[in-house]
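Since the model is a prediction, treat every value here as computed from it, not as a measurement. Order of appearance sets the numbers: ligands from 1, and atoms from 1 within every ligand. FYI, side chains are in, hydrogens and waters are out, and symmetry mates aren't considered; it's all heavy atoms of this structure.
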Amino acid sequence: MLVQVPNVLTPDEVAKCRALMERAAWDDGKLTAGDQSAVVKDNQQVRYGTPEQKELVELVLMALGRNPLFITASLPLKIFPPMFSRYHPGQSFGTHVDNAIRNVPNTPHRVRTDVSATLFLAAPEEYDGGELVVEDVYAAQRVKLPSGHLILYPTSSVHHVRAVTRGTRLAAVFWVQSMVRDDGQRTILFDLDTAIRNLRSSSADQNPSVVQLTAIYHNLLRRWADA
Ligand code: NI
């Protein structure tokens, strides 16, 4: 499932990220790509281990931690530290799949990539092209969101970033190892959780079925989750 998570960052936080990116050191994005994707990857990334990179990562992880929609949609167990990328005119990231396992740089830790995330850091009117295109079950979805908004999609999806033709595309990308590995099971849990929240916010709040449905949600989560 594809899920849009609006307003992960406030406008102030977006501005802060952009100021940090402005003065950061940049590397060729191929440095962190797998063998197949390195061939088609043409962008730049904020250099790993620099003070700016650490501050950017911390800012985004804090914002994710306080976002209920991100948590309910991805059920995070581990989050790979976000990578901050930019695409100038002519740059793109051709069709590829993301590696299933990623080593967290300079640590012994690994993250299984269940959910991919792109957090947009430039406003859509600042650049042309640069859409994220995700091959969904039924059709290709083109995604270009306001700055501060996030898209989540299953990492099993083939995807690409269309060439930028004007301006600069800025984004953070990262991966989630979910407590629930299977996208189908995560989708059922997300749909159920959304329905329960809607019921609770309506006059049906007092209905005893809300408790029953909540119990079903947690029993499914207990059956399917690794924690
Ligand atoms: Ni990718």
What is the name of the N/O/S atom in [X] that sits closest to the Ni ion (ligand 1)?
X: His96; answer: NE2
X: His159; answer: NE2
X: Asp98; answer: OD1

Problem - Lys/Arg-Asp/Glu bridge criterion (N-O < 4.0 Å) met for Asp114, Arg181 - result: no

Exercise for the section: State whether Lys16 and Asp12 are salt-bridged, where the test is any N-O pair (Lys NZ or Arg NE/NH1/NH2 against Asp/Glu carboxylate O) under 4.0 Å. Expected result: no

Problem - Single hit among Leu61, Val57, Leu64 for side chain to side chain contact (heavy atoms under 4.5 Å, CB included) with Phe174 - result: Leu64

Practice task
Without swapping roles, check the side chain of Lys78 against the backbone of Thr113 for a donor-acceptor pair under 3.5 Å.
Solution key: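 A pair under 3.5 Å: no.
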
